[in-house]
*Asks:* 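The structure follows.
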Amino acid sequence: MKIQITKPGLLSTVQDLGRHGYQHLAVPVSGAMDTLSARTANMCVGNDANDAVIEFTYGDAGFKTETGALIAASGYGARLSVGARPIPLNKPVYLPAGLNVSLNTVNQGCRTYLSVAGGWDVPEVLGSRSTFLAAGFGGFEGRKLAANDVLNNTGQLSATAKNILDELSGANICYPKWSIPQRDLPKIKTIRVIPAREFNWFNGLSITNFLTEPYSLSQKSNRMGYQLNGPLMQRLNQQELLSTAVIPGTIQVTGDGSLIMLMADCQVTGGYPRIAQVALADMPLCAQLKPGDTIYFKEISWNEAEMLYIEQEKDIQKLAASIGHKYAF
Amino acid sequence: MSTIAEQPQFTIYPISEKAVTVEFGNKISPDLLYTITAFGNLLKENPFAGMTGMVPAYCTLTVFFDALAVAKADMPGNTAIEKVSTYLDGLKQHPVQTTIRESDTITIPVCYGEDFGPDLQEVARINDLTTDEVIRLHGSVTYLVHMIGFMPGFAYLGGMPQAIMAPRKAKPRANVPAGAVGIAGLQTGIYPLLSPGGWQIIGQTPLKMFDVTITQPSLLKAGDRVRFEPINLSEFKKIAKAR
């Protein structure tokens, strides 16, 4: 299965679930920003959760099928269509060769994931197919996709993928009735956070503001992190913090009191005080935030956060298992 | 050889549902580096089910794990964070008899000045030294790799002589080449990859500091010892060609 990128859009990169185990050498985890949508796209075509997908940012992008292809798209940044015909999200779709598929921006979120049966075939670098743009390695030649780039699937189809392909392949666009349910993004976006190590370095008013006032994403937001506009934090002390490990979801306070939320490509260590950590279960929602979006923070405990995360993981594993079961024979 | 026999003192706090940080102190020191390295080795020899990695920093060791696997594991504690914290706390009772063999010193050849070190004269001027004196002082000590951070393979080296310290550049460069050797305040370091950077660049090494095509991609890791050795342009070219 083969496609050619006809229009790359704002930022399209190949990602899997990240490059783990090299953080001690300062290699960021990278990977799909919205891991739920990426995994949904993969499970729809019977893939492993960690297979490589293409992460599109907004729409205004497109590709052409060079061969017939079993694909799935999931996310909140675009809708797919072939001419006037919409291609549904969150289910496997067989596309015959020679079709021009366009991604059209929708306003809900910003990132959409495109899977292919077998996963996109790019070399593994340090155990992952994720693109790390700042250092120029991983993914498709270490860079964002450009017009005329050609991507193939790996050809290593799971039994589930083969059975889905058998059911859908033919001369026409074909997809099943079922789809993976996907919630709309909430209108009012409340991000659950856990107070982090330096939470008490800030005065009471700052903490109150942080947990009640709206913040919005500035234009200076990318896969490394988001700068947030909103009330500034005031320090109670001027203690220096020595660099220590940070991870995606860490909310740091910079010298002028403004907030930065670290995302998938963030550095592995940081020296800014950490006010809070985003609950892992809410990272997929954060991944869909666009510059200008308003968010609120709500405090929860580590126990609650862990429960939410484990529930979310179990749910997605159940969904994947149910597709595997449906296409077992 | 140095032996860490005493029980390390530390506090443990979560930074994520799948990572806890062990904090050993709050000052940069070689002793703390040895303690963190020893504890990291102890943990590597005695991993818990679901452990996925660790990140040493100046005063901390952060331990990563698969929260689902730990939640299921038969370990004392109610939550994954509690289980891991209890486990790490238990290692404290374990007599830390890990011996750290002082790692071999890694020698980094550097071609100083000219095109490779556009800020060498500036560093000399700031410190009222000749450029030869800066080169001699930079190569006069053995440095310790306190941590790798900032970008893949970038080593924070401790131990630079105060006599050659220099502030960061007012305007960072858009492109600092891979291998560039810089000074910022009391720190010195080597840029492993082409990147923007604000350090004063005094030279360049022909060695590949970070190579994604090999299983040990970083030439340096926390705990290593490093020395710099001046080389001339023809030696630089010879090493660069051979690598």
Side-chain angles (χ1 to χ4, degrees), chain A residues 19-29 123-128 132 134-138 142 194-199 239-250 267-271 274 276-281 283 301-314 317, chain B residues 11 13-21 23 25-28 32 40 52-64 66-68 70-72 78-82 146-156 192-196 210-222:
Chain A
R19 187 167 282 112
H20 300 275
Y22 291 92
Q23 292 114 299
H24 64 294
L25 302 179
V27 178
V29 173
E124 270 192 15
V125 176
L126 302 179
S128 164
F132 176 44
F137 64 76
I194 307 97
R197 185 66 169 168
E198 287 78 46
F199 187 75
Q239 211 175 318
E240 281 285 321
L241 184 70
L242 287 167
S243 280
T244 180
V246 291
I247 72 165
T250 301
Q267 293 179 11
V268 298
T269 56
R274 300 155 291 180
Q277 182 72 27
V278 174
L280 268 177
M283 285 304 285
S301 69
W302 283 115
N303 283 3
E304 288 172 277
E306 187 175 311
M307 251 153 48
L308 289 168
Y309 173 65
I310 289 176
E311 277 314 303
Q312 194 180 65
E313 288 300 304
K314 282 184 176 164
Q317 286 177 6
Chain B
T11 52
Y13 58 89
I15 65 161
S16 157
E17 293 86 328
K18 50 184 182 182
V20 300
T21 292
E23 189 177 270
N26 54 16
K27 278 200 189 74
I28 301 175
L32 208 51
T52 57
M54 47 180 116
V55 176
Y58 284 121
C59 304
T60 57
L61 182 75
T62 298
V63 181
F64 291 80
D66 173 346
L68 248 68
V70 173
K72 276 186 226 154
N78 293 317
T79 63
I81 289 171
E82 232 179 85
H146 282 272
M147 59 184 273
I148 308 287
F150 169 49
M151 72 167 110
F154 187 93
Y156 286 90
L193 303 162
L194 173 76
S195 77
F210 192 82
D211 181 355
V212 294
T213 63
I214 54 179
T215 43
Q216 300 288 340
S218 180
L219 184 64
L220 302 178
K221 61 179 189 309

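What you see is a predicted model, and the numbers here were worked out from it, not measured in a lab. Throughout, a chain's letter reflects where its sequence line sits, starting with A, and its residues are numbered from 1.
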*Asks:* For chain B, which candidate among A:His24, A:Arg197, A:Arg274, A:His20 shows the most heavy-atom pairs at distances under 4.5 Å?
*Replies:*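 Max contact count across the listed options: A:Arg197.
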
*Asks:* How would you list, by chain and number, every residue that makes a ring-ring contact (aromatic ring centres under 6.0 Å, His included) with B:Phe150, sequence neighbours excluded?
*Replies:*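 In terms of ring-ring contact (aromatic ring centres under 6.0 Å, His included), with neighbours along the sequence ignored, B:Phe150 is linked to B:Phe154.
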
*Asks:* Quick one, A:Leu242 and B:Asn26 - any side-chain contact, counting heavy atoms below 4.5 Å?
*Replies:*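 They are not in contact (no side-chain heavy atoms under 4.5 Å apart), so the answer is no.
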
*Asks:* Go through B:Leu194, B:Thr213, B:Ile81 and name the one with the most non-hydrogen pairs under 4.5 angstrom from chain A.
*Replies:*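 Of the candidates given, the most pairs with chain A belong to B:Ile81.
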
*Asks:* Among B:Pro217, B:Gly53, B:Ala71, B:Gly153, which residue has the highest count of heavy-atom pairs closer than 4.5 Å to chain A?
*Replies:*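 Option with the top pair count is B:Pro217.
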
*Asks:* Please flag which part of B:Ala222 lies under 4.5 Å from any non-hydrogen atom of chain A: side chain, backbone, both or neither.
*Replies:*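 Nothing of B:Ala222, per the 4.5 Å heavy-atom cut-off to chain A.
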
*Asks:* With a 4.5 Å heavy-atom cut-off, do A:Pro248 and B:Ser16 have their side chains touching?
*Replies:*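 They are not in contact (no side-chain heavy atoms under 4.5 Å apart), so the answer is no.
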
*Asks:* Tell me, side chain or backbone of B:Leu220 under 4.5 Å from chain A's heavy atoms, or both, or neither?
*Replies:*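 Just its backbone gets close to chain A.
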
*Asks:* Ignoring hydrogens, what is the shortest heavy-atom contact between B:Met147 and A:Ser243? Give both atom names and the distance.
*Replies:*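 Reported closest heavy-atom pair: CE-CB, 3.8 Å.
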
*Asks:* With a 4.5 angstrom heavy-atom cut-off, is it the side chain or the backbone of B:Thr21 that approaches chain A, or both, or neither?
*Replies:*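 Side chain only.
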
*Asks:* Given that the side chain runs from C-beta out, which part of B:Thr215 has a heavy atom under 4.5 Å from chain A: side chain, backbone, both or neither?
*Replies:*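 For B:Thr215, backbone heavy atoms alone lie under 4.5 Å from chain A.
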
*Asks:* Among A:Thr250, A:Val27, A:Leu126, who wins on heavy-atom pairs under 4.5 Å with chain B?
*Replies:*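 Sorted descending by pairs with chain B, the first entry is A:Leu126.
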
*Asks:* Any ion pair linking B:Lys18 and A:Glu306 (charged N to carboxylate O, less than 4.0 Å)?
*Replies:*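 No, this pair does not count.
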
*Asks:* Using 0.5 Å steps for rounding, measure from the OG1 atom of A:Thr269 to the OH atom of B:Tyr58.
*Replies:*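 OH of B:Tyr58 is found 8.5 Å from OG1 of A:Thr269.
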
*Asks:* To the closest 0.5 Å, what do you measure between CE (A:Met283) and CD (B:Glu17)?
*Replies:*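 Atom-to-atom, A:Met283:CE and B:Glu17:CD are 10.0 Å apart.
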
*Asks:* Where does B:Ile15 contact chain A at under 4.5 Å (heavy atoms): side chain, backbone, both or neither?
*Replies:*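 Answer is both: backbone and side chain atoms of B:Ile15 are under 4.5 Å from chain A.
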
*Asks:* Please classify the contact between B:Tyr156 and chain A as side chain, backbone, both or neither, with a heavy-atom cut-off of under 4.5 Å.
*Replies:*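 It is neither, since no heavy atom gets under 4.5 Å.
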
*Asks:* Given a strict heavy-atom distance threshold of 4.5 Å, which part of A:Ala245 is in contact with chain B: side chain, backbone, both, or neither?
*Replies:*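 For A:Ala245, the contact with chain B is made by backbone and side chain together.
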
*Asks:* Which atoms of A:Val125 come close to chain B, meaning under 4.5 Å heavy atom to heavy atom: side chain ones, backbone ones, both, or neither?
*Replies:*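 For A:Val125, the side chain is the part near chain B, not the backbone.
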
*Asks:* Go through the structure and list residues passing ring-ring contact (aromatic ring centres under 6.0 Å, His included) with A:Phe137, not counting sequence neighbours.
*Replies:*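 With sequence neighbours excluded, A:Phe137 shows a ring-ring contact (aromatic ring centres under 6.0 Å, His included) to A:Phe132, given in chain and number order.
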
*Asks:* Between B:Leu61, B:Leu68, B:Thr62, B:Thr60, which residue shows the highest count of heavy-atom pairs closer than 4.5 Å to chain A?
*Replies:*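 Looking at each of B:Leu61, B:Leu68, B:Thr62, B:Thr60 in turn, B:Leu68 comes out on top.
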
*Asks:* Quick one, B:Cys59 with A:Thr244, criterion side chain to side chain contact (heavy atoms under 4.5 Å, CB included). Give me CA distance, side-chain angles, the key distance, then yes/no.
*Replies:* CA-CA 8 Å; B:Cys59 304; A:Thr244 180; over 6 Å; no

*Asks:* When rounded to the nearest 0.5 angstrom, what is the spacing between CG in B:Asn78 and CG in A:Asn303?
*Replies:*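 These two atoms lie 8.0 Å from each other.
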
*Asks:* Side chains of B:Thr52 and A:Gln23, heavy atoms from C-beta outward: is any pair under 4.5 Å?
*Replies:*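 No - every pair of side-chain heavy atoms lies 4.5 Å or more apart.
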
*Asks:* Sort A:Gln317 into side chain, backbone, both or neither according to what part of it lies under 4.5 angstrom from a heavy atom of chain B.
*Replies:*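 Contact with chain B is through the side chain of A:Gln317 alone.
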
*Asks:* Indicate the atoms forming the closest heavy-atom contact of B:Phe210 with A:Leu25, along with that distance.
*Replies:*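 The pair with the smallest heavy-atom distance is CE1-O, 4.4 Å.
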
